[in-house]
Undergrad: 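Quick one: this structure, given as structure tokens, is what I'll be asking you about.
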Amino acid sequence: MKVPLLVNDFLRRAAGTYPGKLAVVDGPLRLTYADLEQRVAKLANALRSMGVAKGDRVCILSPNSHYFLESFYATSAIGAILVPLNYRLVASDHEYILNHAGVKVVLVDWEYTAIVDGIRPSLRTVEHWIAAGGDGPVPSGWRDWDELTAAAPLDAPPDPGMDEDDVVSINYTSGTTARPKGVMLTHRNCYLNAYNMIAHLGIRHDDVELWTLPMFHCNGWGGVYALTGMGGTHVVLRSIDGRKIFDLIERERVTFACMAPAVLRTILDYPDKQQHRIETRPRFVVAGAPPPAAFVERLERELGWQFIEIYGLTETSPLLTVNHPDHNVAADDWGQRARAGAPAIGVAIEVRDEHDRPVAKDGTAVGEVCTRSNVVFRGYWEQPAETDKAIRDGWFHTGDLAVWDANGTIHIVDRKKDVIISGGENISSAEIEDAIYQHPGVLECAVIGIPNEQWGETPLALVVPRRPGELSGDDIIAFCRERLAHFKCPSEAQIVAELPRTATGKLQKFKLREQFWSNRDRKVN
Ligand code: AMP
């Protein structure tokens, strides 16, 4: 028998098996699985009544919230595609994404309605504007989520007749191009990723997950589905704050959390740890970059909690590899524990050279991580040429450079793609360069990622002025701040006389990077 793998199964199971169990804690609000299922059905019916049909795009722009969680299941219940937006982007990014994805309905947290109002006239396809949360009345031009859903029917919406290869979400990610690309994830992708999360991260019915990860980031790495399917409890965290994190871990008896290394750092550096009585032994799953080995040791030795490193990309739903202490990895080999790890079930990985041939499995030969798996995305939304560049001969080329050993365990050493990862967020160097080139005093520029204690990497701009002496680094930073989201702006801009180029005029970014990374555990390609 073949039954399509549809993500709605996860909520259906939890609500059927554990209706009275605590599903969501969001501030003072506590929802059981029966409550969550009802809220989802009402939102799904409200969206249907607005004419949202199978394949239509609905976006959500919100920090983590119970509304966000509900939007995943309500859209998939009616066959719509969710487009979760990164709330740290600026209005022009949102405008681009909403138009590119052809979004019909925007679901927006009350704090973000003003930013959407600013671009309203240029949003070509949006027909409905729904605001979530907030204490006072909704701003004019918006409908209130709670009022709208209160009036909607409770019955399960009719089956939209979905196939497992239908797209469930489009997650925009900053890649090597100046514009973000829409990663189409299918039901099947997300389903199998959730299974691997459950299996490899040991997710159980009694897990309590603290949302230290933004839900927009690759659907909370799949936790939206994996934890729900097992009937665990979601503890919502709207913003990262050491005290709030420790309070919630203590009060809600948190057992599990996923995060970028920058969040792990905030947790480790929180000064009042001793004031909390934490009786659980949470598992912390880290990805986005390898954290310093000392973080792993501190988490396990000082706090007695468990550390797990994983590696993946939005394009792979995301889980590709996982690193646990096991037969191959000693529990106290902190450096080894911080690495990407071994392939998850059903994930074939090869580290390949520029001719697409596997490099030696000797821990030193560097190649590109390529993968073949059911978690690999369907393609970039309306960008078939970009899709064909990334998936060739049945293998997805990640743009990450790694070494591998005889067991197939990989260690990421650099990136081939021109992407900077700062605090777990992808930033396209090309996008920053595009912004800088708009400055009339700029002749040439290059943006690279440089090491940063807090964020892992931050962007550095190297700029050749048209006329010597007429530009300063501060001018460039101020110029970027007016055009780009804050987290994308260069933390430093240097004025230089020239940029290194090959004889054929190709910019040699590796030469620029060398001076900043030479003492680090990162090689240059
Ligand atoms: P995103 O698509 O935003 O999730 O970013 C994916 C990128 O993050 C990958 O292509 C890698 O460059 C990087 N990344 C994710 N996990 C790790 C890890 N464990 N170690 C090193 N780099 C990582």
Side-chain angles (χ1 to χ4, degrees), residues 84-86 88-89 169-177 180-185 189 193 200-201 213-223 258-264 284-293 295-296 307-324 329 335-344 347 349 351 366 368-371 375-377 380 390 396-404 409-429 431 449 451 455-457 487-488 517 520-523 525:
L85 292 183
N86 179 344
R88 296 171 71 201
L89 299 177
S169 65
I170 305 177
N171 302 73
Y172 277 79
T173 167
S174 293
T176 45
T177 54
K181 290 182 284 194
V183 174
M184 292 188 283
L185 295 177
N189 293 149
N193 176 72
H200 289 289
L201 307 178
L213 190 70
M215 290 179 184
F216 70 76
H217 194 166
C218 197
N219 308 336
W221 296 352
C258 296
M259 66 200 71
V263 179
L264 177 58
F284 274 22
V285 182
V286 173
F295 283 16
V296 186
F307 174 90
I308 305 167
E309 179 77 1
I310 64 172
Y311 157 72
L313 301 82
T314 304
E315 284 88 337
T316 59
S317 309
L319 185 65
L320 286 180
T321 67
V322 59
N323 189 342
H324 276 296
V329 183
Q336 178 73 17
R337 297 267 316 270
R339 297 177 171 192
V347 175
I349 286 194
V351 179
V366 177
E368 181 175 6
V369 179
C370 296
T371 183
V375 292
V376 173
F377 71 135
Y380 296 110
F396 171 57
H397 293 61
T398 63
D400 290 314
L401 296 174
V403 297
W404 60 342
T409 297
I410 62 165
H411 173 38
I412 309 292
V413 293
D414 198 3
R415 279 185 296 276
K416 191 172 170 184
K417 54 192 176 188
D418 206 357
V419 170
I420 297 162
I421 301 187
S422 190
E425 295 284 354
N426 279 15
I427 306 172
S428 157
S429 311
E431 184 185 351
W455 303 110
E457 291 176 26
F487 73 96
K488 295 180 183 171
W517 288 97
R520 302 276 172 146
D521 184 22
R522 185 185 200 246
K523 300 187 179 110
N525 50 320

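Here the structure is a predicted model, which means the values were calculated and not measured. Counting convention: from 1, in listed order, for ligands and their atoms alike. Atoms considered below: every heavy atom in the structure, side chains included; atoms not considered: hydrogens, waters and symmetry mates.
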Undergrad: Considering only heavy atoms from C-beta outward, does the side chain of Glu368 approach that of Leu401 to under 4.5 Å?
TA: yes
Undergrad: List the closest protein heavy-atom neighbour of atom 1 (P) of ligand 1: residue, atom name, distance to the nearest 0.1 Å.
TA: Thr314 OG1, 3.5 Å
Undergrad: Do Tyr380 and Val183 have side chains that approach each other closer than 4.5 Å (heavy atoms only, starting at C-beta)?
TA: yes
Undergrad: What's the shortest distance from atom 18 (C) of ligand 1 to any protein heavy atom, and which residue and atom give it?
TA: Glu309 OE2, 3.6 Å
Undergrad: If you have a sec, work out which protein heavy atom is nearest atom 6 (C) of ligand 1 and how many Å separate them, to one decimal?
TA: Gly312 O, 3.5 Å
Undergrad: Could you identify the single nearest non-hydrogen protein atom to atom 5 (O) of ligand 1 and state the distance to 0.1 Å?
TA: Asn426 OD1, 3.2 Å
Undergrad: What atoms of ligand 1 come closer than 4.0 angstrom to any heavy atom of Arg415?
TA: 12 (O)
Undergrad: For His397, give me all partners under side chain to side chain donor-acceptor pair (under 3.5 Å), at least two apart in sequence or on another chain.
TA: Asp356, Arg392
Undergrad: Check if Arg339 has a non-hydrogen atom at a distance under 4.0 Å from any atom of ligand 1.
TA: no
Undergrad: Tell me: protein heavy atom nearest atom 16 (N) of ligand 1, and distance?
TA: Gly288 N, 3.0 Å
Undergrad: To which protein heavy atom is atom 8 (O) of ligand 1 closest, and what is the distance rounded to 0.1 Å?
TA: Ile421 CD1, 3.1 Å
Undergrad: Would you check whether Ile310 reaches within less than 4.0 Å of ligand 1, judged by its heavy atoms?
TA: yes
Undergrad: Which protein non-hydrogen atom lies closest to atom 4 (O) of ligand 1, naming both residue and atom, and how far is it?
TA: His217 NE2, 3.0 Å
Undergrad: Less than 4.5 Å apart, side chain to side chain, heavy atoms only: is that true for Asn171 and His217?
TA: no
Undergrad: Which heavy atom of the protein is the closest neighbour of atom 21 (C) of ligand 1, given with residue, atom name and distance?
TA: Pro290 CD, 3.4 Å
Undergrad: Report, in ascending order of atom number, the atoms of ligand 1 lying under 4.0 Å from any heavy atom of Lys417.
TA: 9 (C), 10 (O)
Undergrad: Side chains of Ile310 and Trp221: does their closest heavy-atom pair fall under 4.5 Å?
TA: yes
Undergrad: Quick one, Glu425 with Asn86, criterion side chain to side chain contact (heavy atoms under 4.5 Å, CB included). Give me CA distance, side-chain angles, the key distance, then yes/no.
TA: CA-CA 9 Å; Glu425 295 284 354; Asn86 179 344; 3.0 Å; yes
Undergrad: What distance do Ile349 atom CD1 and Phe396 atom CZ have between them, rounded to the nearest 0.5 Å?
TA: 11.0 Å
Undergrad: Distance under 4.0 Å to a non-hydrogen atom of Leu313: what atoms of ligand 1 satisfy this?
TA: 2 (O), 6 (C), 9 (C), 10 (O)
Undergrad: Using the test ring-ring contact (aromatic ring centres under 6.0 Å, His included), find all partners of Phe307 that sit at least two apart in sequence or belong to another chain.
TA: none
Undergrad: To which of Val413, Leu320, Leu319, Asp400 does the heavy atom nearest atom 11 (C) of ligand 1 belong?
TA: Asp400
Undergrad: So is Ala289 close enough to ligand 1, meaning a heavy atom under 4.0 angstrom away?
TA: yes
Undergrad: Do the side chain of His200 and the main chain of His324 share a donor and acceptor less than 3.5 angstrom apart?
TA: no
Undergrad: Are Lys488 and Ile420 packed together at the side-chain level, in the sense that at least one heavy-atom pair is separated by less than 4.5 angstrom?
TA: no
